[in-house]
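Whatever order the structure lists ligands and atoms in, that order sets their numbers, starting from 1.
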Amino acid sequence: MKAHLVGGGLASMAAAAYLIREAGVPGSDIFIYERGDGPGGSLRIFGDPTFGYVYPGGRVFEREYRCAFDLFSFIPARTDPEHSIKDEILDFNAHFGWDNRARLIDGDGKILPQGPMGVRFSDRLNLLRVLLTPERKLQGKRIQDCVSPAFFISEFWYIWSSIMAFRPRHGAIEMRRYMLRFMHLLPELWSMTFILRTKVNQHQAIVEPLANWLADRGVSFLVNSFVSDILLDDAPSSIAATALRIDQEGHEREVPVGDGDLVFATHGSPVFGMTMGSMDAPPPAHGGDPWALWRRLAKKRTQFGNPSAIADHIEDSLWVSFTVTDRGSPFARLIEAFTGREAGRGGLVTFRDSNWFITITRFHHPNVVDQPADVFLWWGYGIYPERPGNFIKKPMVECSGAEILQEVLYHLKFQMDADDIVKSSVCIPCLMPYAASLFLWRMLTDRPKVVPEGSTNLAFIGQYCEQPGDVPFTMEYSVRSARTAVHTLTNKGRPPPPIYRGYLDPRVLFHTAWAFQK
Ligand SMILES: Cc1cc2nc3c(=O)[nH]c(=O)nc-3n(C[C@H](O)[C@H](O)[C@H](O)COP(=O)(O)OP(=O)(O)OC[C@H]3O[C@@H](n4cnc5c(N)ncnc54)[C@H](O)[C@@H]3O)c2cc1C
């Protein structure tokens, strides 16, 4: 039996690991096809200390990532192969956790006092109504359809939406799922002490050790290989993949899918169409349609979902992040004094009144293996990049790295030192047209099931398959899909652990209700 895996992100790598570990498939029978030039997908980072580093995304997670931690428990850590990735994460956070003291900053550059959620009684009832409403009745609804406009100026919304990247126009289904899934974290929302991070960036902490583990077992990783189509047999009542059409550096070829072979397809990515700018130039617009494979598949079977619901609303899914490589500017000293926290412990800092709704975070040092001692890294993002800035009167999407940096320094009231900071920093913006596409309002059938009804050998994995009760835009979602797919198609090994449901614990309900009294 051979396994063909489309996409080289966490989902495919997890599927390969579980095929080997749970289903006993030899690594040499596993083939991963990736359109880019390396593994990692959304978890990749780019650059170097001279050019400037680029982190398109940055990941936080928590203890109840049950599938991800299961995977991380058997992959040796990069820094210490005697220990697993899981051990490394738990050990690092036990000694160096977040404890946010400057979570929200107002328009005058003042830190808001910690504690209040600021949600009116009527909106607390509205939220409760959403939580008690079955998802099928929330289909097509947006968050703004379910609460009053006052909800969107509550401290709760500012903190919540800046961590998760929700907008009022996003879907009520995902808002409901996130609130249920992360309810046990809500009482600590201000300090964010529940957050876990990796010891270095996630590409080097997770992707590289996992890719090495797979390579040691003979898994083939084929880069620059775009899977443009998955051919199916003609029987309309069943789904069986018969071949993959692959465009490898301009050469098209067909890879047959034999009897007993399996196909696992990552059919979308939040970093599809991503482009990078520079200190002097904004990121260019992306070209082409990265969703070609899913669109082609969706025409073949109704069970394959509706890519248009996800791919055709860039105005509501667009995100701009930026990575600042700081070569010894006064920024480090100023931000530590301002937030009262050393680098890496201050969590997220959100400028409540910024038009772009900017959040920044400063990484502990080193966050990249071999990062020079005098080079520091911080990162940020804007959730409304289409709006003109408060200081730079242009949409964030049209701004160079230098302009974004100046806007952030304006909100921090660091203008006295702005010239020095800009001179010794490299800020690289990154445009991700589909980053928030997972939060769009939708119907429950818009995403295909992990193993669609009637499928004998084809599964959908990653962020754009449907897993009832779990929350997309998380590493957990990708690993869960991989494990479900392997277990269902091979009928071997253990199924994934159940999704954590803290909301069934009366203590969680009590503490959450208490937090919302404020
Ligand atoms: C800005 C941002 C912030 C995030 N924050 C968090 C966070 O705080 N916490 C958290 O848990 N998660 C977070 N995530 C989500 C997490 O990074 C992703 O969910 C996870 O890495 C997705 O893994 P994946 O393998 O499913 O997809 P991806 O990592 O997107 O990989 C998919 C890969 O498949 C390839 N591919 C797709 N189609 C084809 C094809 N037809 N042929 C060949 N190759 C193909 C793509 O090139 C890509 O490399 C964030 C993501 C982003 C972008």
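Geometrically, Arg387 engages Tyr384 in a cation-pi contact, judged by NZ or CZ lying under 6.0 Å from the ring centre and within 45° of the ring axis. For the pair Arg362 and Phe376, the cation sits on the ring face: its NZ or CZ lies under 6.0 Å from the ring centre, inside 45° of the axis.
Around ligand 1 you find Val6, Gly7, Gly8, Gly9, Leu10, Ala11, Tyr33, Glu34, Arg35, Gly40, Gly41, Ser42, Leu43, Pro56, Gly57, Gly58, Arg59, Val60, Tyr65, Ser225, Phe226, Val227, Thr266, Ser269, Pro270, Val271, Phe272, Leu293, Trp319, Met432, Gly462, Gln463, Phe473, Thr474, Met475, Ser478, each with a heavy-atom distance below 4.0 Å.
Taking the centre of each ring, Phe92 and Phe96 come in below the 6.0 Å mark.
Evaluation of the ring pair (Phe, Tyr, Trp, His ring centres under 6.0 Å) test over residues 461-483, restricted to residues two or more places apart or in two chains, returns Trp291-Tyr464, Phe439-Phe473.
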Exercise. Given the rule in the ring-ring contact (aromatic ring centres under 6.0 Å, His included) test, do Phe460 and Phe304 qualify, once you have shown the distances and angles that lead to the verdict?
Worked result: CA-CA 9 Å; Phe460 291 99; Phe304 292 171; 5.1 Å; yes

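By the 30° and 60° cut-offs, the orientation of the rings of Trp157 relative to Phe166 is tilted.
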